[in-house]
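These notes are about the structure you will find just below.
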Amino acid sequence: MVRVTIETDTDVIGIQSPMLDTRYHGWWLKSIKGWDSPPATDYKPQRRPTADGSYMPTVGQLTTEGRTLELACWTVCESSVAQSNACDRIADLIGRILTIRVTDSAGTRQTSGWITDDPNGTRWRHEENLNFTLVIYCPDPLKYGPPVEYPASVDMITVRNHGTQPVYPILHVTGAPKTVSLTYDGHRVTWTLPDTGPVDAKLDLATMIPDMGTITMDDTFQVPPGTHMIRSTTTGNANTSLIIRNAWR
């Protein structure tokens, strides 16, 4: 059983793989392409002058384009009016940022993107059914699991990345801190917060844009797969934690 949930700021559409009897009213999934297989690397080999073959690329050069998903779907509606409403909901997905969650035997993983092609909706069976295809481009090719928060204990935070790809953590701080510093593998990030009373703020190390305050040391880092210990140093009275989202290609 595969269930795909498409969420916008105004609607949530749930589409699932068909049951034995697909005459039941609902949104059904024929196929999903581009989810189980990641995009290929877009590295162009560099020929070696006066020698056979090409140079071996470094790991950092083997990057991929974004992910393109293609969802072939249909609906079984109660009436022609319900079918028209389904057409309107599909059309309203155009021009919006979509959050796509896929739940299968691996659990729930998600990505984000937007529709890049005509859904090509086709009505059939006495205006009760509707075929359509959603082509969605996701600029970040990784698939992410739900966030897991790891609290600090005696100036250390033990985090676990159960995915296969390195990820940027999110620093979460509450209380009345003055500064918060993270140190990991030779990298250091320092965040200075305003002295305005209790706070509940986050800093995404992917963007280094804090909810408040300023960054005074910007040497961000990613957390590789596995278990890792990150030093957290705080001045002031505060609690800190790191939020990790496991990621897969």
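Index from 1, following the sequence.
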Give a yes or no on whether Tyr150 and Met156 share a hydrophobic cluster (residues Ile, Leu, Val, Met, Phe, Trp, Tyr; joining criterion: side-chain heavy atoms under 4.5 Å apart). no

Restricting to non-hydrogen atoms, name the atom on Gly60 and the atom on Thr63 that form the minimum distance, rounded to 0.1 Å. O-CG2, 3.4 Å

Reported CD-to-SG distance for the pair Gln110 and Cys138, which is rounded to 0.5 angstrom: 10.5 Å

So do the side chains of Asp155 and Ser232 get within less than 4.5 Å of each other, counting heavy atoms only? no

Examine distances only and state if a side-chain atom of Lys30 and a backbone atom of Trp74 form a donor-acceptor pair shorter than 3.5 Å. no

Passes side chain to side chain donor-acceptor pair (under 3.5 Å), His172 versus Asn239? Steps please. CA-CA 8 Å; His172 184 201; Asn239 296 316; over 6 Å; no

Can you see which heavy atom on Trp191 is nearest to which on Met212, and at what distance? NE1-O, 2.8 Å

Any side-chain heavy-atom pair of Ser54 and Gln46 under 4.5 Å: no

What's the spacing between Arg231 CZ and Ile157 CD1 if we round to 0.5 Å? 11.0 Å

Backbone N/O of Arg89 and side chain of Asn85: donor-acceptor pair under 3.5 Å: no

Could you tell me which residues satisfy side chain to side chain donor-acceptor pair (under 3.5 Å) with Thr8, sequence neighbours excluded, listed by chain and number? Thr10

Sub-4.5 Å side-chain heavy-atom contact between Thr68 and Thr116: no

To the nearest 0.5 angstrom, please state how far the CZ atom of Phe132 sits from the CG atom of Leu93. 8.5 Å

Chi angles and distances behind the side chain to side chain donor-acceptor pair (under 3.5 Å) call for Thr192, Thr179: CA-CA 4 Å; Thr192 301; Thr179 63; 5.9 Å; no

Can you name the nearest heavy-atom pair linking Gly14 to Trp27, along with the distance? O-CB, 3.3 Å

Nearest 0.5 Å please: distance from the CD1 atom of Ile6 over to the OG1 atom of Thr99. 10.5 Å

Of all heavy-atom pairs linking Ile94 and Asp117, the shortest is CD1-O, 4.4 Å

Are Trp28 and Gln16 side-chain neighbours, meaning at least one heavy-atom pair lies under 4.5 Å? yes

Does one hydrophobic cluster hold both Met208 and Ile243, with members joined at side-chain heavy-atom distances below 4.5 Å? no

In short, Leu242 meets Leu171 closest at the heavy-atom pair CD2-CA, 3.8 Å

Indicate if Leu29 and Ile115 have the same hydrophobic cluster label, given that clusters are the connected sets of ILVMFWY residues with side-chain heavy-atom separations under 4.5 angstrom. yes

Does any part of the side chain of Val189, heavy atoms only, come nearer than 4.5 Å to the side chain of Met217, both counted from C-beta? no

Enter the distance from Thr41:OG1 to Gln61:CD here, rounded to the nearest 0.5 Å. 11.0 Å

For a 4.5 angstrom cut-off between non-hydrogen side-chain atoms, does Leu193 reach Lys178? no

Interatomic distance, OG@Ser84 vs CG@Leu130, rounded to 0.5 Å, equals 9.5 Å

Are the side chain of Asn131 and the backbone N or O of Thr122 linked by a donor-acceptor pair below 3.5 Å? no

Out of Leu134, Val135, Thr111, Val4, which one pairs with Leu69 under the side-chain contact (heavy atoms from CB on, under 4.5 Å) rule? Thr111

On a heavy-atom basis, the closest approach of Pro139 and Gly113 is CD-CA, 4.2 Å

Please list, chain by chain and in numerical order, all residues satisfying side chain to side chain donor-acceptor pair (under 3.5 Å) with Ser112, sequence neighbours excluded. none

Any idea how Phe221 and Tyr184 line up, ring-wise: parallel (<30°), tilted (30 to 60°), or perpendicular (>60°)? tilted

Would you confirm whether Asn246, through its side chain, and Gly145, through its main-chain N or O, come within 3.5 Å as a donor-acceptor pair? no

Salt bridge (charged side-chain N to carboxylate O under 4.0 Å, His left out) contacts in which one or both residues fall within residues 56-71, not counting sequence neighbours: none

For Asp195, does the CG atom have more than 12 heavy-atom neighbours from other residues, nucleotides or ligands under 6.0 Å away? no

Under a single-linkage definition using a 4.5 Å side-chain heavy-atom cutoff for Ile, Leu, Val, Met, Phe, Trp and Tyr, are Trp248 and Val102 assigned to the same hydrophobic cluster? no

For side-chain contact (heavy atoms from CB on, under 4.5 Å), just list the numbers for Ile215 and Leu203, CA-CA rounded to whole Å, side-chain angles, deciding distance to a tenth of an Å, and then say yes or no. CA-CA 10 Å; Ile215 303 301; Leu203 168 64; 3.7 Å; yes

Honestly curious: do Val167 and Val148 fall in one hydrophobic cluster under the side-chain, below-4.5 Å linking rule? yes

